[in-house]
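Heads up: the structure comes next, in structure tokens.
In this chain, residues are counted from 1 in sequence order.
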Amino acid sequence: GAELTLFKGREARARTVEVVQDDPERALIVTSQLPAPFAHLALSCRRSLADVGRAQGALLRDLLCIDAALIAVFSAILPLFLRHLTRPLNRLARAMGALQAGKPPPPLAVQGGDEVAQLGRRFQAMARSLHRRTRQLEDENERRQRFIDGLSHELRTPATSVRGYAQLLRDANLDEE
């Protein structure tokens, strides 16, 4: 244990720390003068260094146990935290995959103002623009196909009539009158 000693008068020193070698063991002595109105007194604490070493070992064991517990807690929480952080990127990757496959991407729930949210908003704007442009191209292609079909029909009808009349004249064997 520790020994406490109270000094009075001239023996009261400001503050000292000493390591002394007594008969069987070394000891640590810490002395400090008390504040006013007891400035004429000093308190001294003597403790065996073996006791200090045992206390230090116990403290080290306690700190190692606390470290192990914190590592276990953080190891359990970290994957959940990382999943929470990467969820918007995973949704964005799935939306990009759908867009790449030619399907309309699912709507993204974009919240916040960080870089991932900005990327999500820009992706949604790009997807809407691509969807509009694709619709325009499909409509234009459909109009072009209708025009070609109509033109083809209009060209085939007179040609068919001319062929039909020619065939009729050949088959009729008419005299040249």
Side-chain angles (χ1 to χ4, degrees), residues 1-2 15 17 19 28 30 32 35 45 47 49-177:
R15 183 177 185 110
V17 177
V19 176
L28 178 67
V30 177
S32 181
C45 178
R47 186 159 187 141
L49 283 180
D51 291 342
V52 172
R54 282 191 293 276
Q56 185 180 15
L59 180 63
L60 184 61
R61 277 191 308 277
D62 291 346
L63 287 176
L64 287 175
C65 289
I66 291 170
D67 285 347
L70 286 175
I71 288 172
V73 167
F74 284 129
S75 295
I77 292 174
L78 187 62
L80 299 173
F81 181 68
L82 289 176
R83 190 173 329 152
H84 174 73
L85 285 179
T86 59
R87 186 175 298 141
L89 289 175
N90 290 333
R91 288 182 187 149
L92 186 59
R94 282 193 299 276
M96 286 179 178
L99 187 63
Q100 182 183 16
K103 301 174 187 170
L108 298 173
V110 179
Q111 300 171 350
D114 61 355
E115 294 84 4
V116 175
Q118 289 176 357
L119 182 63
R121 283 191 283 280
R122 288 187 178 167
F123 173 78
Q124 285 180 319
M126 180 192 69
R128 284 191 299 270
S129 174
L130 282 173
H131 183 68
R132 275 193 306 272
R133 184 66 182 142
T134 302
R135 284 282 251 239
Q136 288 172 347
L137 290 173
E138 287 172 349
D139 291 346
E140 188 177 310
N141 193 29
E142 186 178 316
R143 282 193 303 275
R144 185 179 297 130
Q145 189 62 44
R146 280 196 307 254
F147 175 75
I148 290 172
D149 290 346
L151 183 62
S152 168
H153 176 70
E154 292 298 324
L155 290 176
R156 272 185 272 141
T157 302
T160 303
S161 296
V162 168
R163 255 188 258 133
Y165 288 132
Q167 184 69 32
L168 179 64
L169 289 174
R170 252 184 293 164
D171 290 344
N173 286 331
L174 296 173
D175 294 331
E176 292 183 30
E177 284 184 20

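Taking the side-chain hydrogen bond (donor to acceptor under 3.5 Å, both in side chains) definition, one finds that Arg133 meets it with Gln136, sequence neighbours left out. Residues that satisfy the side-chain hydrogen bond (donor to acceptor under 3.5 Å, both in side chains) test with Gln145, not counting sequence neighbours, are Asp149. Checked against side-chain hydrogen bond (donor to acceptor under 3.5 Å, both in side chains), Arg146 has the following partners two or more places apart in sequence or in another chain: Glu142. Considering only residues two or more places apart in sequence or on other chains, Arg144 meets the side-chain hydrogen bond (donor to acceptor under 3.5 Å, both in side chains) condition with Glu140.
Using a distance-only test at 3.5 Å, with no hydrogens or angles considered, no donor-acceptor pair links the side chain of Gln124 to the main chain of Pro107. Remark: side-chain polar atoms of Ser129 are not paired, donor with acceptor, to backbone N or O of Ala125 under 3.5 angstrom.
The shortest heavy-atom contact between Pro79 and Ala76 is CD-O, 3.6 Å. Summarising the geometry of Pro105 relative to Ala95, their closest heavy-atom pair is CB-O, 3.6 Å, with the distance given to 0.1 Å. Scanning both residues, Pro88 and Val116, for their nearest heavy atoms gives CB-CG1, 3.6 Å. Contact between Ala117 and Gly112 at its shortest, heavy atoms only, is CB-O, 3.4 Å.
Rounded to the nearest 0.5 angstrom, Ile71 CD1 and Ile66 CD1 are separated by 12.0 Å. In this structure, the separation between OG1 on Thr134 and CG on Asp139 is 11.0 Å, given to the nearest 0.5 Å. A distance of 9.5 Å separates CG of Leu119 from CG of Leu108, quoted to the nearest 0.5 Å.
At least one side-chain heavy atom of Met126 sits under 4.5 Å from a side-chain heavy atom of Leu99.
Evaluation of the salt bridge (charged side-chain N to carboxylate O under 4.0 Å, His left out) test over residues 53-73, restricted to residues two or more places apart or in two chains, returns Asp51-Arg54. Among residues at least two apart or in separate chains, there is no side-chain hydrogen bond (donor to acceptor under 3.5 Å, both in side chains) pair with a member in residues 77-93.
Annotation for Arg121: atom CZ counts as buried by contact number, over 12 foreign heavy atoms lying within 6.0 Å. Counting heavy atoms of neighbouring residues, nucleotides and ligands inside a 6.0 Å radius, atom CD of Gln56 does not exceed 12 of them.
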